[in-house]
Amino acid sequence: MIEGLKELGKTIFLTYAVLGTATMCALGVAVSAFAPNADAAGAIGPFSAVILSFISSVFVPIDQLPEWLQQVGRVFPLFHLAEGLQKSLGVTGGTGLSANNVAVLALWAVGSAIVAARAFKWEPQSARG
């Protein structure tokens, strides 16, 4: 019985890892599409990652943040990814499978991929200076 739960947890963990990676990659390309140049795109990523990590219960438990910031953090996909991964590892109990978390990640992945596909433009090597 315990082994079956461990295998289920591993499967759920891998599901979140793959879906989360796809979501974050699509979101990164979508955000970088609005950067004025390649240098600016490189700076946007780390800045946004740190801010999202802070408000999405990666660095600080979300219940220690002000209520308004908790609500903002729950909108972004990183909160749902972190919660799913933590639960699938048994850190907070349960298997970690949450239809809400999976749905939010999937919606962000699809939405970001659509924005990225429509807005992203390649900058020629010669234009970088």
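The side-chain heavy atoms of Val102 and Tyr16, taken from C-beta on, include a pair separated by under 4.5 Å. Leu81 is listed as a side-chain neighbour of Met24, based on a closest heavy-atom distance under 4.5 Å. Using a 4.5 Å heavy-atom cutoff, the side chains of Ile62 and Leu65 are in contact. Looking at Pro46 and Val50, their side chains never come closer than 4.5 Å, going by heavy atoms from C-beta outward.
Other residues, nucleotides and ligands place more than 12 heavy atoms under 6.0 Å from the CZ atom of Phe59.
Taking every heavy atom of both residues into account, Ala116 and Ala26 meet most closely at CB-O, 4.1 Å. The two atoms that bring Ser56 and Gly73 nearest to each other are OG-O, 3.9 Å, heavy atoms only. Heavy atoms only, all atoms of each residue included: Leu27 and Pro77 are closest at CD2-CG, 4.1 Å. Smallest separation of non-hydrogen atoms from Ala17 and Leu85: N-CD2, 4.2 Å. Across every non-hydrogen atom of His80 and Arg74, the tightest pair is NE2-O, 2.7 Å.
In the hydrophobic clustering of ILVMFWY residues, with side-chain heavy atoms under 4.5 Å counting as a link, Val29 and Leu107 come out apart. A continuous path of hydrophobic side-chain contacts links Ile44 to Leu52 [ILVMFWY only; heavy atoms under 4.5 Å]. A single hydrophobic cluster is seen to contain both Val60 and Phe76, as judged by linkage of ILVMFWY side chains at heavy-atom distances under 4.5 Å, directly or through other members.
One finds the CG atom of Leu78 at 7.5 Å from the OG atom of Ser57 (value rounded to the nearest 0.5 Å). For the atom pair NZ (Lys87) and CZ (Phe13), the distance works out to 16.0 Å, reported to the nearest 0.5 Å. Rounded to the nearest 0.5 angstrom, Ile55 CD1 and Trp68 CH2 are separated by 8.0 Å. Note: Leu19 CG to Leu14 CG = 12.5 Å, rounded to the nearest 0.5 Å. The distance from the CG atom of Leu97 to the OG1 atom of Thr11 is 10.5 Å, given to the nearest 0.5 Å.
In terms of modelled atom types and a separation under 3.5 Å, the side chain of Ser53 and the main chain of Val58 share no donor-acceptor contact. Remark: the backbone N or O of Ala109 is not paired with any side-chain donor or acceptor of Ser112 at under 3.5 angstrom.
Legend: residues meeting ring pair (Phe, Tyr, Trp, His ring centres under 6.0 Å) with Phe79, ordered by chain and number and at least two apart, are absent.
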Handout entry: Derivation of the side chain to side chain contact (heavy atoms under 4.5 Å, CB included) call for Val75 and Val72
Key = CA-CA 5 Å; Val75 170; Val72 171; 5.7 Å; no
